[in-house]
Amino acid sequence: MMTNVTEYEAIAKEKLPKMVYDYYASGAEDQWTLKENRNAFSRILFRPRILVDVSKIDLTATVLGFKISMPIMIAPTAMQKMAHPEGELATARAASAAGTIMTLSSWATSSVEEVASTGPDIRFFQLYVFKDRNVVAQLVRRAERAGFKAIALTVDSPILGRREADIKNRFTLPPNLVLKNLEGLDLGKLDKTSDSSLASYVAEQIDQSLNWKDIKWLQSITSLPIVVKGVLTAEDTRIAIQAGAAGIIVSNHGARQLDYVPATIMALEEVVKAAQGKIPVFLDGGIRRGTDVFKALALGAAGVFIGRPVVFSLAADGETGVRKVLQMLRDEFELTMALSGCRSLKEITRDHVITEWDHPRFSPKL
């Protein structure tokens, strides 16, 4: 009997080979940011409003013009068939059943075409920019043809972060699997190495010269909106807007890249303020409860993306597991809204939360 999202991780740990579980679960170096992504939420408290008629609550959200059932979406996570034989296809069906958006990873073990064949739902495609720009152009064209609605451009990974568990385990893609979107391009296999084969693959294939000018190049090859994933500062927010980004995802790559960056919930407000409402700002990293979703929205996020809860529930119970996780988060978020006196997303305001950087709202008389 699963009562919350976190419980799926223990089941996934039992079921999965150590190399696979560690790949999904671990972060970079000391894993300080990995722990902080979660812990930071616990330092944000609520200021609930009472005696509001909450008999009807509307969770619907609009993301890049698309109406979805709730502001909780699925982040791109690589190689989902390591978790479950149906992999990304199960995740796509679960997202569809929940009426929300799934983001497919460039490094998926199912292709954009296979995922599209599960039904005509709203999906985003996460893009890594390869040194060979023809590969990038081909990937983007295929995603467009398959009906994907936006590109989530990952900008925090010119080099792979130092994930020590993967180095110890000599992480590599199991021999029966392939990076399906790259299969025909001779880029679908990871070669075994003495450390992490993914780190070696990224060093060989991913373009370390990627810079702001490349967003213009991407816009020249696609009409899809480009959401920049991996922004943590006001400075980069302003540049992203100037470069024509359609949205920003405040993300530290699940704490897998640079350790000792702040938790995403701590960086969120800086980015939101810099965006000045010009483009939507989303958040991923550390979301495990409906209360976390509410806190992110109160601090200005237009929606959140979940990563690890998807792969852990997929490993535990396939499509059913992912459906349950989405339903649990939805139910908890709805409950949080009701108990905070909010009937729609627009009623969730900054006044509904207290953070450690807020000034005291009143001075107690001595």
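Hydrogens, waters and symmetry mates play no part in the numbers below; they use all other heavy atoms, side chains included.
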**Student:** Looking at Asp207 and Arg133, is any side-chain nitrogen of the basic one under 4.0 Å from a carboxylate oxygen of the acidic one?
**Tutor:** yes
**Student:** Got a second to check how far Ile101's CD1 is from Ile68's CD1, nearest 0.5 Å?
**Tutor:** 4.0 Å
**Student:** Going by the ring pair (Phe, Tyr, Trp, His ring centres under 6.0 Å) test, which pairs reach into residues 40-94, not counting sequence neighbours?
**Tutor:** Phe46-Phe294
**Student:** Between Asp121 and Arg123, is the closest basic N to carboxylate O distance under 4.0 Å?
**Tutor:** yes
**Student:** Hey, can you tell me if Phe148 and Phe125 have their rings parallel, tilted or perpendicular (30° and 60° cut-offs)?
**Tutor:** perpendicular
**Student:** What's the verdict on side-chain contact (heavy atoms from CB on, under 4.5 Å) for Leu127 and Leu218, showing C-alpha distance, side-chain angles and the deciding distance?
**Tutor:** CA-CA 11 Å; Leu127 181 68; Leu218 256 184; 3.8 Å; yes
**Student:** Under 3.5 Å, side-chain donor or acceptor atoms of residues 234-243 against the rest of the protein: list the pairs with distances, not counting sequence neighbours.
**Tutor:**
residue	atom	partner	partner atom	Å
Thr237	OG1	Thr233	O	2.7

**Student:** Are Arg38 and Glu36 close enough for a salt bridge, meaning some N to O gap below 4.0 Å?
**Tutor:** no
**Student:** Taking the side chain as everything from C-beta on, heavy atoms only, tell me whether Val325 gets closer than 4.5 Å to Ile306.
**Tutor:** yes
**Student:** Give the cluster check for Leu59 versus Leu297: same hydrophobic cluster or not, with ILVMFWY residues linked at side-chain heavy-atom distances below 4.5 Å.
**Tutor:** yes
**Student:** Any donor and acceptor pair, going by atom type alone, linking the side chain of Gln219 with main-chain N or O of Gly244 inside 3.5 Å?
**Tutor:** yes
**Student:** Distance alone, cut at 3.5 Å: any donor-acceptor contact between the side chains of Asp284 and Ser251?
**Tutor:** yes
**Student:** Between Glu183 and Leu179, is there a donor-acceptor pair closer than 3.5 Å when you use the side chain of the first and the backbone of the second?
**Tutor:** no
**Student:** Backbone N or O of Ser313 within a donor-acceptor pair of the Asp317 side chain at under 3.5 Å?
**Tutor:** no
**Student:** Using a 6.0 Å cut-off, check whether atom NZ of Lys213 has over 12 heavy atoms from anything other than its own residue.
**Tutor:** no
**Student:** May I have the step-by-step check of side-chain contact (heavy atoms from CB on, under 4.5 Å) for Ile249 and Phe305, ending in yes or no?
**Tutor:** CA-CA 9 Å; Ile249 303 174; Phe305 289 87; 3.9 Å; yes
**Student:** To the nearest 0.5 Å, what is the distance between NZ on Lys295 and CG on Leu283?
**Tutor:** 12.5 Å
**Student:** At what distance, to the nearest 0.5 angstrom, does OG1 of Thr291 lie from CG of Leu339?
**Tutor:** 11.0 Å
**Student:** Tell me whether the count of non-hydrogen atoms from other residues, nucleotides or ligands lying under 6.0 Å of NZ in Lys18 goes above 12.
**Tutor:** no
**Student:** Show, in sequence, the C-alpha distance, side-chain angles and deciding distance for Thr222 and Glu144, and conclude whether the side chain to side chain donor-acceptor pair (under 3.5 Å) test is met.
**Tutor:** CA-CA 8 Å; Thr222 182; Glu144 264 186 326; 2.9 Å; yes
**Student:** Output yes when Arg163 and Asp259 qualify as a salt bridge under the 4.0 Å nitrogen-oxygen rule, no when they do not.
**Tutor:** no
**Student:** List the steps, then state whether side-chain contact (heavy atoms from CB on, under 4.5 Å) holds for Glu86 with Lys81.
**Tutor:** CA-CA 6 Å; Glu86 290 175 24; Lys81 282 188 179 175; over 6 Å; no
**Student:** Salt bridge check, Arg162 against Glu29: does any charged N sit closer than 4.0 Å to a carboxylate O?
**Tutor:** no
**Student:** Spell out, yes or no, whether Ile159 and Phe171 are grouped together once hydrophobic residues are joined by side-chain heavy atoms under 4.5 Å, including indirect joins.
**Tutor:** no
**Student:** Side chain to side chain donor-acceptor pair (under 3.5 Å), that's the test. Do Gln80 and Thr109 meet it? Break it down for me.
**Tutor:** CA-CA 6 Å; Gln80 291 181 15; Thr109 38; over 6 Å; no
**Student:** Taking all heavy atoms of Val353 and all of Asp358, pick out the closest pair and write down the distance.
**Tutor:** O-OD2, 3.8 Å
**Student:** Establish, yes or no, whether the cationic atom of Arg256 lies under 6.0 Å from the six-membered ring centre of Tyr23 and within 45° of the ring axis.
**Tutor:** yes
**Student:** Indicate whether the side chain of Gln327 and that of Asp331 have a donor and an acceptor atom separated by less than 3.5 Å.
**Tutor:** yes
**Student:** With a 3.5 Å distance limit and no angle check, can you tell me whether Asn4 reaches the backbone of Glu7 through a side-chain donor-acceptor pair?
**Tutor:** yes
**Student:** Nearest 0.5 Å, please: how far is OG1 in Thr320 from CZ in Arg93?
**Tutor:** 9.5 Å
**Student:** Begin from the C-alpha positions of Ile248 and Val227 and carry the test side-chain contact (heavy atoms from CB on, under 4.5 Å) through to its verdict.
**Tutor:** CA-CA 5 Å; Ile248 281 172; Val227 177; 5.8 Å; no
**Student:** Of all heavy-atom pairs between Leu173 and Leu177, which one has the smallest distance, and what is that distance?
**Tutor:** CD2-O, 3.6 Å
**Student:** Does a salt bridge link Arg323 with Glu319, judged by any charged N lying under 4.0 Å from a carboxylate O?
**Tutor:** yes
**Student:** Report yes or no: do Leu299 and Val63 belong to one cluster of Ile/Leu/Val/Met/Phe/Trp/Tyr joined by side chain heavy-atom distances under 4.5 Å?
**Tutor:** no
**Student:** Applying the 4.5 Å side-chain criterion to the ILVMFWY set and letting contacts propagate, would Met73 and Leu64 be lumped into a single cluster?
**Tutor:** yes
**Student:** Taking atom types as modelled and ignoring hydrogens, do the side chains of Glu9 and Tyr21 form a donor-acceptor contact shorter than 3.5 angstrom?
**Tutor:** yes
**Student:** So, Gln31 side chain and Gly27 main chain: donor-acceptor pair closer than 3.5 Å or not?
**Tutor:** yes
**Student:** Using the six-membered ring wherever Trp is involved, compare the ring planes of Tyr260 and Trp32 and label them parallel, tilted or perpendicular (cut-offs 30° and 60°).
**Tutor:** parallel
**Student:** Measure across Gly290 and Thr336 and return the closest heavy-atom pair with its distance rounded to 0.1 Å.
**Tutor:** C-OG1, 3.9 Å
**Student:** Can you confirm whether Phe333 sits close enough to Asp292 that some side-chain heavy atom of one is under 4.5 Å from a side-chain heavy atom of the other?
**Tutor:** no
**Student:** Between Met79 and Val20, is there a side-chain heavy-atom distance shorter than 4.5 Å?
**Tutor:** no
**Student:** Rounded to the nearest 0.5 Å, how far apart are OH of Tyr8 and CZ of Phe312?
**Tutor:** 13.5 Å
**Student:** Could you check Trp107 against Gln126 for side chain to side chain donor-acceptor pair (under 3.5 Å), going step by step and ending with a plain yes or no?
**Tutor:** CA-CA 9 Å; Trp107 295 337; Gln126 176 273 333; over 6 Å; no
**Student:** Taking all non-hydrogen atoms of both residues, which atom of Asn37 and which atom of Thr264 are closest, and how far apart?
**Tutor:** OD1-N, 3.3 Å
**Student:** Looking at every non-hydrogen atom in both residues, tell me the closest pair between Ala83 and Val311 and how far apart they are.
**Tutor:** CB-O, 3.8 Å
**Student:** Decide, yes or no, whether a salt bridge links Glu113 with Arg142 under the criterion of side-chain N to carboxylate O below 4.0 Å.
**Tutor:** yes
**Student:** Could you grab the distance from atom CG of Leu182 to atom CD of Gln205, nearest 0.5 Å is fine?
**Tutor:** 8.5 Å
**Student:** Look at the side chain of Thr60 and the backbone N and O of Ser69, then say whether any donor-acceptor pair between them is shorter than 3.5 Å.
**Tutor:** no
**Student:** If you take all heavy atoms of Ala296 and Val304, which pair is closest and at what distance?
**Tutor:** CB-CG1, 3.7 Å
**Student:** Whether the side chain of Asn181 engages the backbone of Val112 through a donor-acceptor N/O pair (distance < 3.5 Å, no angle test) should be reported.
**Tutor:** yes
**Student:** Identify whether Phe282 and Val231 are in the same connected component of the hydrophobic contact network (ILVMFWY, side-chain heavy atoms under 4.5 Å).
**Tutor:** no
**Student:** Indicate yes or no for a side-chain donor-acceptor contact from Ser111 to the backbone of Glu114 under 3.5 Å, with no hydrogens or angles considered.
**Tutor:** yes
**Student:** So does Glu88 pair up with Lys180, basic N to acidic O under 4.0 Å?
**Tutor:** no
**Student:** Counting only N and O atoms by type, is there a donor-acceptor contact under 3.5 Å from the side chain of Arg47 to the main-chain atoms of Asp351?
**Tutor:** yes
**Student:** Without swapping roles, check the side chain of Thr118 against the backbone of Val115 for a donor-acceptor pair under 3.5 Å.
**Tutor:** yes
